[in-house]
Amino acid sequence: DSLTTGGFNDWYLPSITELIILMKNFYPINRTLNATAGATEINQYLDYWSSTETNASSVWGFRVISFAAGLISKSAGGINTARAIRAF
């Protein structure tokens, strides 16, 4: 909610639909991120959270390595991360 980076403060957590679009374009996006000073590439080995909740205990997420959307428990251990975006 309060992320400010790159001179912008309008970042937000993508919906599952936006996250799927982002991941469909994984390779060209990572090429651009790699060429952008200070940017961090999308890690293919992480599960990314979306802002789409199913209930109080889980959200929709995306596993890049298997190109699959699924539910992620908010209290589960393991490696889960978020990727803030700006409107696109």
Side-chain angles (χ1 to χ4, degrees):
D1 232 10
S2 61
L3 176 64
T4 299
T5 188
F8 300 99
N9 64 358
D10 58 347
W11 299 93
Y12 66 95
L13 195 59
S15 69
I16 189 60
T17 302
E18 291 170 315
L19 194 54
I20 289 170
I21 292 168
L22 183 72
M23 297 310 173
K24 280 185 176 181
N25 294 285
F26 173 83
Y27 291 107
I29 288 171
N30 265 0
R31 276 195 303 273
T32 301
L33 291 171
N34 187 44
T36 305
T40 303
E41 292 182 23
I42 299 168
N43 186 322
Q44 66 180 336
Y45 300 107
L46 296 178
D47 296 337
Y48 287 89
W49 285 43
S50 79
S51 62
T52 309
E53 295 181 311
T54 57
N55 56 42
S57 61
S58 62
V59 297
W60 279 97
F62 197 88
R63 178 166 285 169
V64 182
I65 196 75
S66 60
F67 199 79
L71 298 179
I72 298 175
S73 170
K74 291 180 182 180
S75 62
I79 300 173
N80 296 303
T81 193
R83 182 80 191 198
I85 63 170
R86 295 179 64 230
F88 64 94

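Each residue takes its place number in the sequence, starting with 1.
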Discussion item. Quick one: does any side-chain atom of Asn55 pair with a main-chain N or O of Ser58 as donor and acceptor, under 3.5 Å?
Written reply: yes

Worksheet item: Between Met23 and Tyr48, which heavy-atom pair has the shortest distance, and what is it?
Response: CE-CD1, 3.6 Å

Discussion item. When you compare the side chain of Arg83 with that of Phe62, does any pair of heavy atoms fall below 4.5 Å?
Written reply: no

Discussion item. Working to the nearest 0.5 angstrom, can you tell me the gap between Thr36 OG1 and Glu41 CD?
Written reply: 10.0 Å

Response to the item:
Hits for ring pair (Phe, Tyr, Trp, His ring centres under 6.0 Å) against Phe26, two or more places apart or cross-chain, chain-then-number order -> none

Discussion item. Just so I know, are the side chains of Leu22 and Ile42 near enough to count as touching, which here means a heavy-atom distance under 4.5 Å?
Written reply: yes

Worksheet item: Does Phe8 share a hydrophobic cluster with Leu13, counting links as ILVMFWY side-chain heavy atoms below 4.5 Å and allowing steps through other members?
Response: no

Worksheet item: Is it the case that more than 12 heavy atoms not belonging to Lys24 sit under 6.0 Å from its NZ atom?
Response: no

Response to the item:
In this structure, CD1 of Ile21 is separated from CD1 of Ile29 (nearest 0.5 Å) by 10.0 Å

Worksheet, complete the sentence: Here the pair of heavy atoms bringing Trp49 nearest to Leu19 is O-CD2, 3.8 Å

Item to complete: Identify the heavy atoms of Tyr12 and Arg86 that sit nearest to each other, and give their distance.
Response: CE2-C, 3.9 Å

Worksheet item: Is there a side-chain contact between Ser50 and Pro14, using heavy atoms and a 4.5 Å cut-off?
Response: no

Practice prompt. Look up atom CD1 in Ile85 and atom OG in Ser15, then write down how far apart they are to the nearest 0.5 Å.
Written response: 7.0 Å

Discussion item. I want to check something: taking the side chain as every heavy atom from C-beta on, are Trp60 and Ile72 in contact at a cut-off of under 4.5 Å?
Written reply: no

Item to complete: Work out which heavy atom in Leu33 is nearest to a heavy atom in Thr40; give both atom names and the distance.
Response: CD1-O, 3.5 Å

